[in-house]
Each structure stands twice: as C-alpha cells, then as structure tokens.
Amino acid sequence: MTQRTALVTGGTGGIGSAIIRYLAGQGHRVVTNYRDAAKAETWRQAMAADGIDVTMVPGDVSDPEASEAMIHAIEAQCGPVEILVNNAGITRDSTFHKMNYQQWMDVVNTNLNACFNVTRPVIEGMRARKWGRIVQISSINGQKGQYGQANYAAAKAGMHGFTISLAQENAKFGITVNTVSPGYVGTDMVMAVPEDVRAKIVAQIPVGRLGRPEEIAHAVAFLTGEETSWITGANLAINGGHYMGW
Ligand code: CAA
C-alpha cells in the first residue's frame, strides 16, 4: 500500500473522526484542522490513546486566507496533500421565511465556499504530481431538500456541482473527484434535531435506523484508494434507503 498524506477537514466531528480512523488504519498520514484549540487537544489525545497519530493544524475553512495558511502549514509538516476530504460542515436550521442572512452565509461559507478555500491551494500540486483523490462530504438533503434547510441543502447540492466540474477538469491528471452523500447518521449534528422531529425522520428510513459514522468512512476509504481510479464524478448515496435517486 502506498502511504499518502490525507487531509480530512472538520476531522474532530462524528463523521470526520471515523474517516480519520479508517484512513489511519490503512496506513495513511492523517491531518485535520481545528478552530478551538482546547477541544482539539482533548480529541487528539483520545485518538492518540487509540494509537492514531493525527497532525492538527489551526484553520477556519470558511476563511480563504486562513485556509491557504493552513495548507502551507500542513505541507511543511507532512508533505503534499494527496487525499483531500472536504468534510467540515455546519447546520443553522430554520424555515426560510425566518432565516437571517448570517444563517445563510455561515452555512454556505463553511459547507460550500470551504471547498474552494481548501481545494484551491492543493489542486495545482496534485496536477503536477499526477495523482490525487478528492471527496466532498455532501448530504442526502442536498439531493432531496429538507424542510428547514434551504441554506444547507443549497450548499450541499452545490458541493456536487463542484465535484462534477472538478472531476472533468482533472481526470487527465490522475485525480478523481467524488461526492459522498450521507443520510442521517447518529452524530451530534443529527442528535441536535429535536427528538420528535428525529423520530419522524427515522421512520422514513427503510433500513430502520440512523447510519453509523464508520459506514460513511468505509465509502470514503473506497473512493480514495489506489484501485478506484476509474470512479470520478460520482455521487455515492449512503442513507439506509432514505432517498433512492438514480
Ligand atoms: N414537513 C412538513 N411540515 C413540517 C416539517 C416537514 N418535514 N417539519 C416541520 N414542519 C411543520 C411543523 O409541523 C409545524 O407545522 P404547524 O405550524 O402547522 O404546526 C411547522 O412546520 C413549524 O414551522 P416553524 O417555522 O414554526 O418551525 P420551527 O421554528 O419550530 O422549526 C425546523 C422548524 C427548524 C425546520 C425544525 O422542524 C427542525 O429542526 N427540523 C429538522 C431539520 C433537519 O432535518 N435538519 C437536519 C439536521 S442533520 C443534518 O443536516 C445532517 C445531514 O446532512 C442529514
């Protein structure tokens, strides 16, 4: 197996942590960013206790300058980023008629604009080296929409538009670009949805339960592997059958 440097943004969250564990388990050098130093250190120590050594670099992915500085810091410590997982994401749920501009901008900046901010500083190096794996972590709600998530659904749908354009531009350079669209996974983000609302959502999932973070990580590891060089521009839905697009 070739060891690669893998950056997973928002790695301290539920799905991000699982992706980091999975990629580390495959032997890759794993890196993530953080905004809250104290929280990040607690998380890093917990990962270290499980034998996973994660390089942690400060950086707010919603800020283009901070993101560029973050990539420079990562590459100075770990070498070029060869696998990039644009995973950092937030919600600011509200029905649209009550949504304010800040709720819109926060979600678009962190979920969608971060794809520009983080990918732009790594793409030229990937093209020069003729190898790269980029995965956007989008959402079922970018595919089907969601009551209370006009901001999030717009940003998540935009991420796949980004994927399919980047996939075309970079196919000749050994770079694959794909999207993974998780359904409702049992992370803090989903557990923050009011319990009665969540119960109604789970009732719509044919498999009958929330997803597990490892089930998303498994797909990311698949798409970032050496063997999947002919899968590009795909959107892999992993949602327990909650939304079956084709
Ligand atoms: N379909 C139809 N009607 C719905 C609805 C739905 N899915 N959800 C709520 N409503 C209705 C309610 O029944 C209620 O109707 P009445 O007024 O007739 O009783 C009305 O909407 C409430 O509207 P309000 O604007 O007053 O809503 P609110 O301020 O109480 O909160 C909400 C609305 C923020 C959307 C809340 O329902 C909510 O948090 N919903 C969950 C949204 C969600 O799924 N978020 C996903 C987070 S996890 C994630 O994003 C990860 C991922 O990628 C999957």
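Atoms considered below: every heavy atom in the structure, side chains included; atoms not considered: hydrogens, waters and symmetry mates. We count ligands from 1, going down the list as the structure has it; atoms in each ligand are counted the same way. The model shown is predicted, which means the values in this text are computed figures rather than measured ones.
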With sequence neighbours left out, write down each residue that passes salt bridge (Lys or Arg N to Asp or Glu O under 4.0 Å) with Arg129, or none if nothing qualifies. none
Among residues at least two apart in sequence or on other chains, which ones pass side-chain contact (heavy atoms from CB on, under 4.5 Å) with Arg29? Gln3, Thr5, Glu82
Between Asp106 and Arg92, the two heavy atoms sitting closest are OD2-NE, 4.1 Å
Close residues, ligand 1: non-hydrogen atom nearer than 4.0 Å: Thr91, Asp93, Thr95, Lys98, Ser139, Asn141, Gln146, Tyr147, Gly148, Gln149, Tyr152, Gly183, Tyr184, Met189, Val190, Val193, Pro194, Val197, Ile201
When you group the ILVMFWY residues by side-chain heavy-atom contacts below 4.5 Å and let the links chain together, are Ile15 and Val31 in the same group? no
Please, which pairs that meet side chain to side chain donor-acceptor pair (under 3.5 Å) have at least one residue in residues 6-15, sequence neighbours excluded? none
Roughly how far, to the nearest 0.5 Å, is OG of Ser67 from NE2 of His72? 11.0 Å
